[in-house]
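Residues take their numbers from the sequence shown, with the count starting at 1.
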Amino acid sequence: MTPSRRGLPPLNAMRAFEVAGRRLTFRAAADELGVTQGAVAQQVRALEEHLGLTLFRRLPRGLALTPQGTAYLAELTRAFDLLAEATGRLYDAPAAVTISVTPTFAAKLLIPRLAALNAALPEVELRTIATETISDFDRDQVDMAVRLTRPPFPAAQEAKLLFRQELVAVANPLLVKGLSLPLTAKQLAGLPLLHDAHNHWPAWLQTGKTLPGAVFSQTTLALDAAMAGQGVALVCRAFVAADLAAGRLVQVTEESRETDSDYFLVRKRSPSHGKAAEAVWDWCLNRFG
């Protein structure tokens, strides 16, 4: 059973004894600790009184450990070494930076670039929160966020534009095999439409009606369905640029439209964000801006 820490002797007294036990003189211990010889002697005496044991024999030319002192010194030295190692690991650990992004941004833009971020910033541990919920920078301990939003921004926040939201209609090439691209609005309306929470299709097709088709809570799910050939998705071009270039998706109409909201990198205004957070901020602006 582990003894209560409330019964431990004062840490300063244990430290004074550990150093004096290694050096075997109060003077040398005082030099190592940067205190007076009398202070070390007083701390050791207080420790002996606390324990009810004699740890040193005081000699004319130094100190000698008693058997109890020898055993206690070995354990205390091991304990202080463990504390030093733990502290060293704390300083050696990568600096953690937390970024909140939408699930689609995470899946289509951030995750494919994580290797590049790790190579550029090996001293940083990036922690990603993928959510549609607007983060509270203080409560959620988020350093920065990527959000689909628009000005004006609160005075307490700093925002930088990453890219415009340009919507395009995309599908698996097999879905439109045999059809001549670009499709007309009538041809497009005749294909399965994939909807997400933003519900851009009625405005795109200029109809006030509810349109049939599978509905997904997140754009990334609608994109996965489009990749699987299940229909046409209406998404931001930035999220499908790599898939369009690789031929995994095709743009089925010539039309594209910008919306009144765009993707911004946002953080709380502060005189100092820390070196690691500042590095990630700059990296995001260079990579996605």
Side-chain angles (χ1 to χ4, degrees), residues 99-113 128-136 140 142 144-154 157 159-172 175-176 182-245 248-266 284 288-289:
I99 184 170
S100 174
V101 299
T102 65
T104 307
F105 187 96
K108 301 301 179 181
L109 294 181
L110 182 58
I111 291 175
R113 292 167 172 80
T128 304
I129 300 174
T131 177
E132 298 286 357
T133 304
I134 302 298
S135 298
D136 182 293
D140 301 328
V142 170
M144 64 196 72
V146 174
R147 282 292 171 260
L148 178 61
T149 183
R150 62 176 179 265
F153 299 100
Q157 292 182 5
K160 297 288 186 181
L161 177 67
L162 290 182
F163 51 85
R164 303 288 182 188
Q165 177 167 237
E166 179 193 0
L167 295 178
V168 291
V170 298
N172 186 305
L175 183 72
V176 292
L183 302 179
T184 64
K186 183 177 180 180
Q187 288 175 310
L188 180 60
L191 293 174
L193 301 181
L194 303 172
H195 305 267
D196 61 16
H198 300 292
N199 193 30
H200 291 299
W201 276 120
W204 183 275
L205 293 174
Q206 298 181 349
T207 176
K209 299 186 300 180
T210 300
L211 299 168
V215 180
F216 301 91
S217 62
Q218 297 175 359
T219 303
T220 187
L221 300 178
L223 265 175
D224 288 343
M227 293 281 289
Q230 296 176 14
V232 183
L234 194 55
V235 295
C236 179
R237 184 186 294 277
F239 296 144
V240 292
D243 294 317
L244 291 171
R248 293 184 290 268
L249 292 172
V250 292
Q251 184 176 336
V252 298
T253 68
E254 285 185 335
E255 184 180 9
S256 67
R257 295 183 193 173
E258 291 189 353
T259 68
D260 59 356
S261 296
D262 299 303
Y263 283 88
F264 286 82
L265 186 62
V266 186
C284 288
F288 305 120

- Message: Applying side chain to side chain contact (heavy atoms under 4.5 Å, CB included) to Ser261 and Arg147, what does each step give before you reach the verdict?
- Response: CA-CA 9 Å; Ser261 296; Arg147 282 292 171 260; over 6 Å; no
- Query: Between Ile99 and Val146, is a side chain to side chain contact (heavy atoms under 4.5 Å, CB included) present by the stated rule, with each step listed?
  - Reply: CA-CA 8 Å; Ile99 184 170; Val146 174; 4.2 Å; yes
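Judged purely by atom type and a 3.5 angstrom limit, Asp262 uses its side chain to pair as donor or acceptor with the backbone of Gln165. Between the side chain of Thr104 and the main chain of Thr220, a donor-acceptor pair closer than 3.5 Å is present.
Remark: Asp140 CG to Ile129 CD1 distance equals 6.5 Å, nearest 0.5 Å. Distance check, rounded to the nearest 0.5 Å: CZ of Arg164 to OG1 of Thr259 gives 9.5 Å. Remark: Leu148 CG to Glu132 CD distance equals 8.5 Å, nearest 0.5 Å.
Annotation for Ile111 and Ala107: closest pair CD1-CA, 4.2 Å, computed over non-hydrogen atoms. Shown here for Leu162 and Cys284, the closest heavy-atom pair between the two residues is CD2-O, 3.9 Å. Closest heavy-atom contact between Phe216 and Ala222: CD1-CA, 3.7 Å. Residues Ala159 and Val266 come closest through the heavy atom pair CB-CG2, 4.1 Å. Shortest non-hydrogen contact noted between Ser256 and Trp204 is CA-CH2, 3.9 Å.
Residues passing the salt bridge (Lys or Arg N to Asp or Glu O under 4.0 Å) test with Arg150, sequence neighbours excluded: Asp260.
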Solution key, residues 185-198 side-chain donor-acceptor pairs under 3.5 Å, sequence neighbours excluded:
unit_1: Gln187; atom_1: OE1; unit_2: Thr184; atom_2: N; d: 2.9
unit_1: Gln187; atom_1: OE1; unit_2: Thr184; atom_2: OG1; d: 3.4
unit_1: His195; atom_1: NE2; unit_2: Leu211; atom_2: O; d: 3.4
unit_1: His195; atom_1: NE2; unit_2: Pro212; atom_2: O; d: 3.0
unit_1: Asp196; atom_1: OD1; unit_2: His198; atom_2: N; d: 2.9
unit_1: Asp196; atom_1: OD1; unit_2: Asn199; atom_2: N; d: 3.3
unit_1: Asp196; atom_1: OD2; unit_2: Thr219; atom_2: OG1; d: 2.7

What donor-acceptor contacts under 3.5 angstrom involve side-chain atoms of residues 228-245, with partners at least two apart or in another chain?
unit_1: Arg237; atom_1: NE; unit_2: Glu166; atom_2: OE1; d: 3.0
unit_1: Arg237; atom_1: NE; unit_2: Glu166; atom_2: OE2; d: 3.2
unit_1: Arg237; atom_1: NH1; unit_2: Gln251; atom_2: OE1; d: 3.2
unit_1: Arg237; atom_1: NH2; unit_2: Glu166; atom_2: OE2; d: 3.1
unit_1: Arg237; atom_1: NH2; unit_2: Gln251; atom_2: OE1; d: 3.3
unit_1: Asp243; atom_1: OD1; unit_2: Arg248; atom_2: NE; d: 2.7
unit_1: Asp243; atom_1: OD1; unit_2: Arg248; atom_2: NH2; d: 2.9

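The ring of Phe288 has its center no closer than 6.0 angstrom to the ring center of Tyr263.
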